[in-house]
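Structure first, then comments.
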Amino acid sequence: MIQKLDAREAYRRVHGDSEIAFLDLREAGPFSERHPLFAVPAPYSRLETIVGHLVPRPDMPIILIDGGDGIAEAGAEILASMGYSDIAVIAGGASAWANAGYRLFQGVNVPSKTLGELAEARWHPKTIDAQTLKDWQKEGRKFTLLDCRPPDEYQKMTIPGAICLPNGESAHRLPAIAHDSPLVVTCAGRTRSIIGSLGLARIAPDRDIYALENGTQGWALAGFDLDRGQEPQDLPEITADQAAETRRRADTLLDDEGIPRINADDVRRLLDDATRSAFTFDLRSKEEAAADPLPAFPHVWSGQLVQTTDRWIGVWRSRLVLADDLGLRAALAAVWLSALGFEVHVTQVDDRLRAIPAPPRPTAPPFAITKIGAGDALRETSKGRARLLDLRPSWEYASGHVATSIWAIRPKLAAWPGTDRLLLVGDKGSDAELGARELHRLGEKDLAIVEGGIQALRQAGALIEVAEPRPLGQAIDVISFAHGRHEGDLDASRRYLSWEQG
């Protein structure tokens, strides 16, 4: 049954004591400009592909919010078709929330960002500014600069001399890092360097540890150049003795914080408990997880689970199980996730854990989709018998698309005025498939998906063009708040850093 709620009743439920999923179905752009604090982004363009992981229990109470444009109602129908049974929609969407007197927040990952700012206010990590760090470099002073972001972000831009060591991994591998000089932790802004430096200081109070104020953006604002395109270094190896030191630190932290350790049998019981939601994560490095997979535990970097919690977990106040080998990556994440209101457990990687299968997730019902070859698609469009709709993310469309194609995104398809036969382009499969599902739901029957996507169209001789700059006015799938801060827009960086501190 789909319910309609006013904003006040929705607020009461979101801030109650029970598990709840509060999903915002708007795309990244409008979500980043204004959303309720605890709303989890679940963009309508990808809803069926992500909601089963965000909300694993089909009977979980779900509240949907949109921009007041009817997308929440459409999303509710989709969720009901997937087997979800307790769905409510906020009448009037985000505007109704604001009109009821509740604040809307800019940015993304706001609960995790708030956690970092509160942690700084309470524990006051030692900090160093960009100019002082630059002076240290000029003086030849010995120190270790740790970029605590995952490798893909490090590669995009980093401070010269930094090594890539994501939060969690730096604690796990701390015994292998030079002991005779300060450690400086940096990220792109503030939060991860604060959380990272506080975590290291907690487990190694004898070390001299600093957070770099405002990270790579602060470095750029100080007038210093960033390295771009740097290949991340291999993570430092630790010896058997160093591994024992890491395990001792993990045990001490788990004991001090009262975080429960559980075994594989306990994990199975939590996953089988129909009354609670349980999320499982493998917090080892990406390489370790790939070499030794745990079917029931998707991999996520320890620090990223803390930093981007609402990307991985769609149910507030739910249970979390964190898997690790030596325990410290999981223990540090557990401390922060417990502060966010989750019930967190830590488990040891072993053969019994490896034997637990991936739990079932709600999925979309089958849908028959007509396919067309790339050559046939080009012939139809050249003769005016069909139009190409490109449903890939806007940045992929901008980097190369068929000259006659039109960029489209699922939540805007209801306004599509054409009566032509539609041929859909989407490289990952889900983009075009979800677009086809949406058009079929709207009554469009004459459509097909182009097999092989843009690559097949290139090979078939399509004229490819590049659209630059990216059409941000239309590209609602791009985070628009403080957009460009990582591409050298210093005003955007100032706006972002002011927002983080505010």
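Numbers here simply count residues along the sequence, with the first being 1. Values below: every heavy atom of this structure, side chains too, minus hydrogens, waters and symmetry copies.
Open room surrounds CZ on Arg385; 12 or fewer heavy atoms of other groups in view lie less than 6.0 Å from it. Around atom CG of Asn99, more than 12 heavy atoms belonging to other residues, nucleotides or ligands sit under 6.0 Å away.
The backbone N or O of Arg485 lies less than 3.5 Å from a partner atom in the side chain of Ser493, making a donor-acceptor pair. Checking side-chain atoms of Tyr397 against main-chain N and O of Ser405 turns up a donor-acceptor pair under 3.5 Å. Side-chain atoms of Trp219 come within 3.5 Å of backbone atoms of Asp225 as a donor-acceptor pair (strictly under, hydrogens ignored). Between the side chain of Asp227 and the backbone N or O of Ile159, no donor-acceptor pair lies under 3.5 Å. A donor-acceptor contact shorter than 3.5 Å is absent between the side chain of Arg103 and the backbone of Ala98. Between the side chain of His299 and the backbone N or O of Arg284, at least one donor-acceptor pair lies under 3.5 Å. For Asp66 (side chain) and Ile71 (main-chain N/O), a donor-acceptor pair under 3.5 Å exists by modelled atom type. With hydrogens and angles ignored, the 3.5 Å screen pairs a side-chain donor or acceptor of Ser32 with a backbone N or O of Gly29. The closest donor-acceptor contact from the side chain of Ser382 to the backbone of Arg379 lies under 3.5 Å. Checking side-chain atoms of Asp489 against main-chain N and O of Ala492 turns up a donor-acceptor pair under 3.5 Å.
Annotation: side chain of Arg494 is in contact with side chain of Leu221 (closest heavy-atom distance under 4.5 Å). Contact check for Ile356 versus Val267: side-chain heavy atoms found under the 4.5 Å cut-off. Looking only at side-chain heavy atoms (C-beta outward), Asp147 and Ile163 stay at 4.5 Å or farther from each other. Looking at heavy atoms from C-beta onward, Leu442 lies out of side-chain contact with Glu444 at the 4.5 angstrom threshold. Looking at Ile63 and Leu5, their side chains come closer than 4.5 Å, going by heavy atoms from C-beta outward. Under the 4.5 Å side-chain criterion, counting only non-hydrogen atoms from C-beta, Pro393 is not in contact with Trp407. Side-chain contact between Met157 and Glu487 is absent, with no heavy atoms from C-beta onward closer than 4.5 Å. Using a 4.5 Å heavy-atom threshold, the side chains of Leu305 and Ile313 count as touching.
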Take Leu389 and Val425 through the side chain to side chain contact (heavy atoms under 4.5 Å, CB included) test and state the conclusion after the steps. CA-CA 6 Å; Leu389 284 189; Val425 180; over 6 Å; no

Would Phe22 and Phe38 satisfy ring pair (Phe, Tyr, Trp, His ring centres under 6.0 Å), going step by step from the backbone distance to the final call? CA-CA 7 Å; Phe22 184 22; Phe38 292 110; 8.7 Å; no

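Of all heavy-atom pairs between Gly488 and Arg228, the closest is N-NH2, 4.3 Å. Minimum heavy-atom separation, Leu145 to Pro160: CD2-O, 4.2 Å. The two residues Ile87 and Ala80 come nearest to each other via the heavy atoms CD1-N, 3.6 Å. Minimum heavy-atom separation, Thr216 to Ala188: OG1-CA, 3.3 Å. For Cys164 against Gln233, the heavy-atom pair with the smallest separation is N-OE1, 2.9 Å. Ala482 and Tyr496 make their closest contact through CB-CB, 3.8 Å (heavy atoms, listed as atom of the first residue, atom of the second, distance).
The aromatic rings of His440 and Phe367 lie perpendicular to each other, with more than 60° between the two planes, well past the 30° mark.
The pair Glu343-Arg317 fails the salt-bridge criterion, with no side-chain N (NZ, NE, NH1 or NH2) lying under 4.0 Å from an Asp/Glu carboxylate O. Using a cut-off of 4.0 Å between Lys/Arg side-chain N and Asp/Glu carboxylate O, Arg441 and Glu77 are scored as salt-bridged. Taking a cutoff of 4.0 Å between a charged side-chain nitrogen and a carboxylate oxygen, Lys286 and Glu169 do not qualify as a salt bridge. The existence of a salt bridge linking Asp431 and Arg392 is excluded, since no basic side-chain nitrogen approaches an acidic carboxylate oxygen closer than 4.0 Å. For Glu153 and Arg192, the salt-bridge test passes: some basic side-chain N is under 4.0 Å from an acidic carboxylate O. At a threshold of 4.0 Å, the pair Lys113-Glu117 does not count as salt-bridged, since none of the basic side-chain nitrogens sits closer than that to a carboxylate oxygen.
With rounding to the nearest 0.5 Å, the separation of OG1 in Thr186 from OH in Tyr154 is 11.5 Å. Rounding to the nearest 0.5 angstrom, the gap separating the OG atom in Ser430 from the CG atom in Leu47 is 12.0 Å. Interatomic distance, NZ of Lys412 versus CD1 of Ile476, reported as 5.0 Å (0.5 Å rounding). Once rounded to the nearest 0.5 Å, the distance linking CG of Leu439 with CG of Leu424 reads 6.0 Å. To the nearest 0.5 angstrom, Ser85 atom OG is 8.0 Å from Ile62 atom CD1. Of the inter-residue distances, the one linking Leu337 atom CG with Leu322 atom CG reads 6.5 Å to the nearest 0.5 angstrom.
For an aromatic pair to be called close, the ring centres must be under 6.0 Å apart, and Phe297 with Phe281 fails this.
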Only distances under 3.5 Å count here; give the side-chain donor-acceptor pairs of residues 51-60 to other protein atoms, sequence neighbours excluded, each with its distance to 0.1 Å.
| from | atom 1 | to | atom 2 | distance (Å) |
| --- | --- | --- | --- | --- |
| Arg57 | NE | Asp59 | OD1 | 2.9 |
| Arg57 | NE | Ala274 | O | 3.4 |
| Arg57 | NH1 | Glu19 | OE1 | 3.3 |
| Arg57 | NH1 | Thr275 | O | 3.2 |
| Arg57 | NH2 | Asp59 | OD1 | 3.2 |
| Arg57 | NH2 | Asp59 | OD2 | 3.3 |

Please report, to 0.1 Å, the donor-acceptor pairs under 3.5 Å made by any side chain of residues 451-466, with sequence neighbours excluded.
| from | atom 1 | to | atom 2 | distance (Å) |
| --- | --- | --- | --- | --- |
| Glu465 | OE2 | His401 | NE2 | 3.1 |

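Side-chain polar atoms of Thr191 and Glu500 form a donor-acceptor pair below 3.5 angstrom. Thr308 and Asn109 share no side-chain donor-acceptor pair at under 3.5 Å. With hydrogens and angles left out, the side-chain atoms of Ser285 and Glu288 include a donor and acceptor closer than 3.5 Å. Between the side chains of Asp86 and Gln3, at least one donor-acceptor pair of N or O atoms lies under 3.5 Å. Side-chain contact annotation: Gln155 with Glu231, donor-acceptor N/O pair under 3.5 Å present. Side chain to side chain, Thr309 and Ser112 meet the donor-acceptor criterion of an N or O pair below 3.5 Å. Judged by distance alone, the side chains of Ser480 and Glu33 do bring a donor and an acceptor atom under 3.5 Å apart.
Both the sub-6.0 Å distance and the 45° axial angle are not jointly satisfied by Arg46 relative to the ring of Tyr44.
Of the residues listed (Leu271, Thr280, Asp273, Val344), the one engaging Arg319 in a side chain to side chain contact (heavy atoms under 4.5 Å, CB included) is Asp273, and it is the only one.
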